[in-house]
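Everything on this sheet refers to the single structure shown next.
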Amino acid sequence: MNQALEAQAYTELLQLYAEYTAAIDAGDWDRWPEFFTEDCIYKLQPRENHERGLPLATLHFHSKGMLQDRVYGIRETLFHDPYYQRHVVSLPRVLSVDGGRWFLEANYAVFRTKLGELSTVFNVGRYLDEVVRVEGALKFASRSCIYDSEMIPNAIIYPI
Amino acid sequence: MNDTAITLPSSLSWPGDGVHRVPYWVYTDPDTYRRELERFYYAGHWCYIGLEAEIPNPGDFRRSAVGERSVIMVRAQDGSVRVLENVCAHRGAQFCRERQGNRKEFVCPYHQWAYDLEGKLRGIPYRRGIRQDGQLSGGMPADFQMEGRGLTSLKVAVRGGVVFASFDHSVESLEDYLGPTILSYFDRVFDGRKLKVLGYNRQRIPGNWKLMQENIKDPYHPGLLHSWFVTFGLWRADSKTSLKMDAHKRHAAMIGVRSVGKPAGDVVSGVTSYKADMSLRDPRQLDIVPEEWWKGPTAVMLTLFPSLIIQQQVNSLSMRHIQPRGPGVFDFVWTHFAFEDDNDEMIQRRLLQANLFGPSGYVSADDGEVIEFSQMGFQEKPDQQCLLEMGGHGSEEATNIASETLIRGMYQYWRRVMGV
Ligand code: FES
Ligand SMILES: [Fe+2]
């Protein structure tokens, strides 16, 4: 790939990252599944499980349908204390490119603010991503949120 | 607002002579909490440590906790499982900092006292002093004995691959401790099949540790709080239920048979969590396949007092370890597992159904949330009381979900041991 093309594609990737973060920080849950392919993987997993090859994840979804089910859960079935979340995400680092598939990694920190409370560090980790182009648009074929945080402060309801 | 109401100390007395009222101070008072640790976690009881499958080979170890105390579960050279307190006999350093690994011996980094895998003290640097100008000086006194100076070693019981330990070497056998009824449900899961660890989840819940025991002794809430349970019939008013206990009423089993089909009107009338039109876009998350060893019930939730919950809810299995960290907070550590002889499909199924459980799970995340809300209420008014009259005032075994009998049973036991 020539340099100009590469720079253009990277800019597009940055846009995907920025839009994803903006959507989940705004609580725009309907947009969240739209960043993924139909048979995507979404995973929220403790670092220990990831590093030791243990398959259990805190959340593990195998399709866009499961992400939509999660959105329904957030809105209708999961009783929870409402909170704001705010992500700070690093520039993605390109691990490899393989036939139109981008493998990327980015650090994230999520702050939680409950009504009437101080803001606290909620979850810290990195994304391990696989991005593909579907009908012109970049989508996550896979997004794993591998978190360092040893303790979840009670519950994680919204997507990371 | 009345100023004196804030400063008046709690009277710390038990209201009346029953267990259908539980005062809020049992969840908030620091002295009560300290006595609970001493009487339930550090004496007379068995606490959960881990699974044998986590330490298959000699020298394998993994850290765990009993109450607030750090312990190490280790497989000794002879293949037996030992549980050692993670406190150096010299000056108390919590020497083992790794989560798990393999060791020939444990060496404290501070002054390098060395212990074997059974916790026996094997080496003290400069024990006989240091030679200076041809003379030995310093060192331990000549009559110092290494014997009996090792790490605190707990009494250990292993059953069906599950490891329990007690600081109290006079504690009754694990089998007597659980009693025949609870033991039979324990053995239903752990019947000798080899276990396979699928992974861990950890959450810190800002509530008193007993609230988690009570949550799983409370069949009244699942069909109300958890939409997935009521809508998909996993646990609701028309589910065949039985509530069992050991003779002391400290442990319990909530046994349920899943309801299939639409619920009758009175089961869900007024239940806002029931979503008649709810269906999953991807039903693989509830691809339930009955297993022979269930022997009927589709869910058995065991509360082993004080430290463990064993979950079998359809195809998902987990050990949930309660690790108190003060009157108003505990860590809740989940170990999901499968069986060695499960095929890949069954393992995938167990993993997908794990989306229901844990700190983000469809029927568990909200349990942590409501526990936090209860604790908030308790902290404000230690003398007020919980009202526990569902199913009456007694603590007999029952066969319906509208009953708080298991919680009352636990408080009968609690009052006896705590002397209140
Ligand atoms: S404190 Fe452990 S060797 Fe001194
Ligand atoms: Fe629950």
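Bear in mind that the values here come from a model prediction, so they are computed numbers and not experimental data. Below, read A as the first sequence line, B as the second, and so on, with proteins coming before strands; counting in each chain starts at 1.
- Contact of B:F332 with chain A is not made at all, since no heavy-atom distance falls under 4.5 Å.
- Pairing each heavy atom of B:F61 with each of B:N102, the nearest pair is CE2-N, 3.7 Å.
- Note: A:R70 leads A:R70, A:Q45, A:E76 in heavy-atom pairs under 4.5 Å with chain B.
- The aromatic rings of B:H336 and B:F357 are tilted relative to each other, their planes meeting at an angle between 30° and 60°.
- Only the side chain of A:P46 comes within contact range of chain B, judged by heavy atoms closer than 4.5 Å.
- B:S364 does not touch chain A: none of its heavy atoms, backbone or side chain, sits under 4.5 Å away.
- Within the cation-pi definition used here (under 6.0 Å to the ring centroid, within 45° of the axis), A:R143 qualifies as a partner of A:Y17.
- For chain A, the nearby part of B:Q100 is the side chain; its heavy atoms alone come within less than 4.5 Å.
- Both the backbone and the side chain of A:N154 have a heavy atom closer than 4.5 Å to some heavy atom of chain B.
- When heavy atoms are compared at a cutoff of 4.5 Å, A:L67 does not approach chain B at all.
- A side-chain N or O of A:Y147 and one of A:T58 form a donor-acceptor pair less than 3.5 Å apart.
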Give the intermediate values and the outcome of side-chain hydrogen bond (donor to acceptor under 3.5 Å, both in side chains) for residues B:Y27 and B:E214. CA-CA 12 Å; B:Y27 305 101; B:E214 293 171 33; 3.0 Å; yes

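- At a 4.5 Å heavy-atom cutoff, the contact between B:L225 and chain A is made by backbone and side-chain atoms alike.
- In this structure, chain B has a heavy atom under 4.5 Å from the side chain of A:Y72, while its backbone stays farther away.
- A:Q85 approaches A:P159 most closely through the heavy-atom pair NE2-O, 2.9 Å.
- With a 4.5 Å cut-off on non-hydrogen atoms, B:R99 touches chain A through its side chain but not through its backbone.
- Within the 4.5 angstrom heavy-atom criterion, only side-chain atoms of B:V370, from C-beta onward, approach chain A.
- A donor-acceptor pair shorter than 3.5 Å can be found between the side chains of B:H321 and B:Q323.
- Residue contact with chain A, scored on non-hydrogen atoms closer than 4.5 Å, involves the side chain of B:L352 exclusively.
- Look at B:R75 and B:E52 and you find a salt bridge, because one of the NZ, NE, NH1 or NH2 atoms lies within 4.0 Å of a carboxylate O, short of that distance.
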